[in-house]
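Written below as structure tokens is the structure these notes are about.
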Amino acid sequence: MADVVKAWLPWADPDGFLGGVPAGFDVDVYSGAERPKSLAEVEFYVPSYMGGGDVFDIVREMPALKVVQLQTAGYENVQSRVAEDVTLCNARGVHDASTAELAVGLILASYRRLPRAVRDQERQVWPGSYDQVDDSLADRTVLILGYGAIGEALERRLTGFECEVIRVARRARDGVHPFTELPELLPRADVVVLLTPATPETTGMVDAKFLAQLKDGALLVNVARGVVVDTQALLAELGTGRISAALDVTDPEPLPTGHPLWSAPNVLINPHRGGASTAFAPRVARLVRAQLARYASGEPLINVVAGPPR
């Protein structure tokens, strides 16, 4: 590694955002607009969080590139663009608080029928007594599918709601069930929260067979990736009125005007805002600063998901 490492960071004031850039770096700012002249020199690159495909495609033009540090936990849309000798790190841990909070919010909004209250407020209508009492999260069973760091954060937030949690991940470990046990577990769940990454194994995982195993009245919450759910199968199940859904992500995404999901019964749609909260900035700043410091001192990087360890 050179005495001074060229880094591209996406924030207008990297030093202020990070609380100080560690020694050993010469920083240029790139967020997807005008390219700095140091393209051939950049060794450590942090793409813009919401910069679109261009901020990822540019890695193919960086001959000195050694590290790409993402601000997202998901990396499926970046890995194919990054050369095998480049270390790719994700932002595991950064979005735990935001995504877990949103998952709880979607459950509560669906159970307490807050969308209907918003519509009544817009119409300035006080409905008197509703036709039925609202559901409560208390005494319910919540199955977390894809139990990792965000799943742990979600369970911590669910602890005070007097509900039971079932943990499910790809592989079994202490207190966590494997995917293979889903046929026995799904009928027990009142709420299923999807937190799985998008992989060949999980794409389309929530299909007609999966949905048919849910109990009547179950709530499906997707704060993972849209492709984990078979949209047509979900639409068919929603159309029966048997289950409901709360979706932070959809397939396709963005959801186009006129798509049947918009008007499907028993569905609440949030436009992929799981990580977009005030909890994001301080956590990503801590991660990036720590990674820069590790790289400068020769310590191993964390959150390596592809490429060689560094």
Side-chain angles (χ1 to χ4, degrees), residues 1-99 149-150 272-310:
M1 187 173 65
D3 291 338
V4 177
V5 175
K6 174 62 71 175
W8 277 16
L9 304 180
W11 307 288
D13 178 14
D15 199 64
F17 183 82
L18 297 178
V21 174
F25 289 92
D26 178 28
V27 174
D28 283 335
V29 174
Y30 176 67
S31 59
E34 184 177 353
R35 296 181 178 186
K37 296 179 180 179
S38 56
L39 181 67
E41 306 165 37
V42 61
E43 189 171 323
F44 196 109
Y45 175 45
V46 180
S48 176
Y49 179 48
M50 301 295 284
D54 291 346
V55 299
F56 302 129
D57 289 335
I58 200 171
V59 299
R60 298 189 176 111
E61 304 174 47
M62 296 175 169
L65 186 63
K66 297 288 178 38
V67 178
V68 175
Q69 171 63 61
L70 300 177
Q71 299 185 65
T72 58
Y75 55 91
E76 66 277 359
N77 61 335
V78 185
Q79 188 172 0
S80 62
R81 296 173 164 97
V82 177
E84 293 183 357
D85 61 345
V86 173
T87 301
L88 178 64
C89 303
N90 76 345
R92 186 179 191 272
V94 165
H95 299 280
D96 296 0
S98 295
T99 306
I150 299 176
H272 202 156
R273 301 282 294 168
S277 83
T278 54
F280 169 69
R283 286 161 178 76
V284 79
R286 286 197 294 267
L287 172 64
V288 172
R289 192 179 193 286
Q291 291 286 68
L292 290 169
R294 284 172 174 271
Y295 190 70
S297 64
E299 294 181 64
L301 298 177
I302 62 171
N303 291 359
V304 174
V305 293
R310 297 200 188 264

**OP:** Could you go through the side-chain contact (heavy atoms from CB on, under 4.5 Å) check for V67 and Y295 one step at a time?
**Re:** CA-CA 9 Å; V67 178; Y295 190 70; 3.8 Å; yes
Subject >> Audit row: L287, N303, side-chain contact (heavy atoms from CB on, under 4.5 Å) steps and yes/no >> reply: CA-CA 10 Å; L287 172 64; N303 291 359; 4.0 Å; yes
**OP:** In sequence, state the C-alpha distance, the side-chain angles, and the governing distance for K66 and V5, and then conclude on side-chain contact (heavy atoms from CB on, under 4.5 Å).
**Re:** CA-CA 10 Å; K66 297 288 178 38; V5 175; over 6 Å; no
**OP:** Report the C-alpha separation of S48 and S31 in whole Å, then their side-chain angles, then the decisive distance to 0.1 Å, and conclude whether the side-chain hydrogen bond (donor to acceptor under 3.5 Å, both in side chains) test is met.
**Re:** CA-CA 5 Å; S48 176; S31 59; 5.6 Å; no
**OP:** Assess whether side-chain contact (heavy atoms from CB on, under 4.5 Å) is satisfied between L292 and F25, documenting all intermediate values.
**Re:** CA-CA 8 Å; L292 290 169; F25 289 92; 3.6 Å; yes
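For the pair F56 and P47, the tightest heavy-atom approach, listed with the atom from each and the gap, is CE2-CB, 3.6 Å. When all heavy atoms of A23 and A296 are compared, the closest pair comes out as O-CB, 3.8 Å. Across all their heavy atoms, D57 and R81 have their closest contact at OD1-NE, 2.5 Å. Closest approach of E84 and P308 over heavy atoms only: O-CD, 3.4 Å. Residues A97 and R283 come closest through the heavy atom pair CB-NE, 4.1 Å. Residues F44 and L65 come closest through the heavy atom pair N-CD1, 4.5 Å.
In this structure, the side chains of L88 and L70 come closer than 4.5 Å at one or more pairs of heavy atoms. For the pair V68/V86, a side-chain contact is recorded, criterion being any heavy-atom separation below 4.5 Å from C-beta on.
D54 places no side-chain N or O within 3.5 Å of a backbone atom of G32 that could act as its donor or acceptor partner. Between the side chain of R310 and the backbone N or O of L301 there is no donor-acceptor pair closer than 3.5 Å. The main-chain N or O of I302 is found under 3.5 Å from a side-chain atom of Q291 such that the two form a donor-acceptor pair. With S297 contributing its side chain and R294 its backbone, the two residues share a donor-acceptor pair below 3.5 Å.
Taking the side-chain hydrogen bond (donor to acceptor under 3.5 Å, both in side chains) definition, one finds that E41 meets it with nothing, sequence neighbours left out. For the ring pair (Phe, Tyr, Trp, His ring centres under 6.0 Å) test, no residue two or more places apart in sequence or in another chain qualifies with Y45.
Note on residues 14-28: pairs passing salt bridge (Lys or Arg N to Asp or Glu O under 4.0 Å), not counting sequence neighbours, are K6-D26, K6-D28.
In this structure, CD1 in I58 is found 5.5 Å from CG in L39, a value given to the nearest 0.5 Å. Here the CD1 atom belonging to I150 is positioned 5.0 Å from the CG atom belonging to D96, to the nearest 0.5 angstrom. Atom OH of residue Y49 and atom OG1 of residue T72 lie 7.5 Å apart, to the nearest 0.5 angstrom. The structure places SG of C89 at 13.0 Å from CD of Q71, a figure rounded to the nearest 0.5 Å. Here L9 contributes atom CG and R289 contributes atom CZ; the two are 12.0 Å apart, rounded to the nearest 0.5 Å.
Results of the side chain to side chain contact (heavy atoms under 4.5 Å, CB included) test with V288 over V21, V94, L18 single out L18 as the only residue that passes.
The residues E61 and R35 are annotated as salt-bridged, a charged nitrogen and a carboxylate oxygen being separated by less than 4.0 angstrom.
Classified by interplanar angle (parallel below 30°, tilted 30° to 60°, perpendicular above 60°), the ring pair Y30/W8 is tilted.
The environment of R273 atom CZ is sparse: at most 12 non-hydrogen atoms of other residues, nucleotides or ligands sit within 6.0 angstrom.
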